[in-house]
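Chain naming here is simple, since letters A, B, ... match the order of the sequence lines and numbering starts at 1 in each.
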Amino acid sequence: MVLSASDKTNVKGIFAKIGGQVDDYGAETLQRMFVTYPQTKTYFPHFDVSPGSAQVKAHGKKVAGALVEAVNHIDDIAGALSKLSDLHAQKLRVDPVNFKLLGQCFLVVVAIHQAAALTPEVHASLDKFLCAVGNVLTAKYR
Amino acid sequence: RLLIVYPWTQRFFSSFGNLSSPTAIVGNPKVRAHGKKVLTSFGDAIKNLDNIKGTYSKLSELHCEKLHVDPENFRLLGDIFIIVLAAHFTQDFSPACQATWQKLVGVVAHALSYKYH
């Protein structure tokens with residue numbers, strides 16, 4: 001799976017629309033993920049995962065930041081997220097299936113807040129991009 | 001959206017004519033008609049929430065024996081349906097709502113694959 005030129009344009013475009021709200025999108029993504037896929041909470045036993053949790057907000061900002069970093073280096077996502085990839089492989093070891101769940105929730109959040117901008121084409125590009133990020137983060141698992 | 005976001009799902013619809021671009025897919029009357037069929041069927045599940053497996057028993061056999069659809073595709077369709085609901089209902093599509101609907105599409109997918117052999 002390769003990101004085409006139009007995929008990159010679409011992804012950059014939607015993130016430009018999201019702008020500074022991306023941190024809130026990150027928090028809402030995690031909140032929805034914990035509610036929709038409760039098994040994902042097993043990776044955060046040390047967190048208060050209740051709605052409005054400051055920890056979830058802070059972590060959402062982290063996740064959003066990583067996605068923005070990937071967008072800003074969309075020609076070399078592996079390079080941009082190399083340290084995060086190491087972290088996930090050696091320390092966090094989040095099962096790969098969970099990146100799809102996070103991606104699904106991020107798409108839902110974008111659909112809710114940017115319904116008009118999430119055309120079928122942009123949806124496809126964003127889904128591909130999120131898959132690519134997940135692949136990079138699990139690339140060094142074995 | 002399923003046919004655009006996951007283009008390999010087009011393999012089941014060679015009789016639908018022009019699926020060569022997102023514009024073609026969106027404007028394709030057979031796609032529209034089939035979407036109506038699928039959503040109507042979803043409605044049947046909602047009318048029979050206590051017996052979804054029974055409701056989809058024959059459809060499950062059909063998807064296995066005649067249509068030869070990998071059940072993974074039901075999962076993909078369910079995920080896309082969630083996104084469409086989110087886009088239409090926006091803020092009303094609360095986290096609790098999303099969680100419930102994600103469960104429902106999972107149950108429907110399971111019911112559709114239940115008779116596979």
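No side-chain heavy atom of A/V133 sits less than 4.5 Å from a side-chain heavy atom of A/F99. Residues A/V63 and A/L102 form a side-chain contact, since some pair of their non-hydrogen atoms from C-beta on lies under 4.5 Å apart. Residues A/F129 and A/L67 have side chains in contact (heavy-atom distance under 4.5 Å, counting atoms from C-beta outward).
Less than 6.0 angstrom separates the ring centroid of B/F81 from the ring centroid of B/F42. Between B/H34 and B/F12, the distance from one ring center to the other does not fall under 6.0 angstrom.
Most heavy-atom pairs under 4.5 Å with chain A, from the set B/Q98, B/Q91, B/Q102, B/H88: that is B/Q98. Counting heavy-atom pairs under 4.5 Å between each of A/S125, A/P51, A/P120 and chain B puts A/P120 at the top. Taking chain A as the reference chain and counting heavy-atom pairs below 4.5 Å, the highest number among B/I4, B/I80, B/T100, B/V26 is found for B/I4. With chain A as partner, the option from B/V5, B/L3, B/D92, B/I82 having the largest number of non-hydrogen pairs under 4.5 angstrom is B/V5.
Residue contact with chain A, scored on non-hydrogen atoms closer than 4.5 Å, involves the backbone of B/S94 exclusively. Within the 4.5 angstrom heavy-atom criterion, only backbone atoms of A/T119 (N, CA, C, O) approach chain B. Neither the backbone nor the side chain of B/F89 comes within contact range of chain A; no heavy atoms are under 4.5 Å apart. Neither the backbone nor the side chain of A/F34 comes within contact range of chain B, judged by heavy atoms closer than 4.5 Å. If you measure heavy-atom distances from A/Q104 to chain B, the contacts under 4.5 Å come from both the backbone and the side chain.
Annotation for A/L30 and A/G60: closest pair CD1-N, 3.4 Å, computed over non-hydrogen atoms.
Classified by interplanar angle (parallel below 30°, tilted 30° to 60°, perpendicular above 60°), the ring pair B/Y116/B/F74 is perpendicular.
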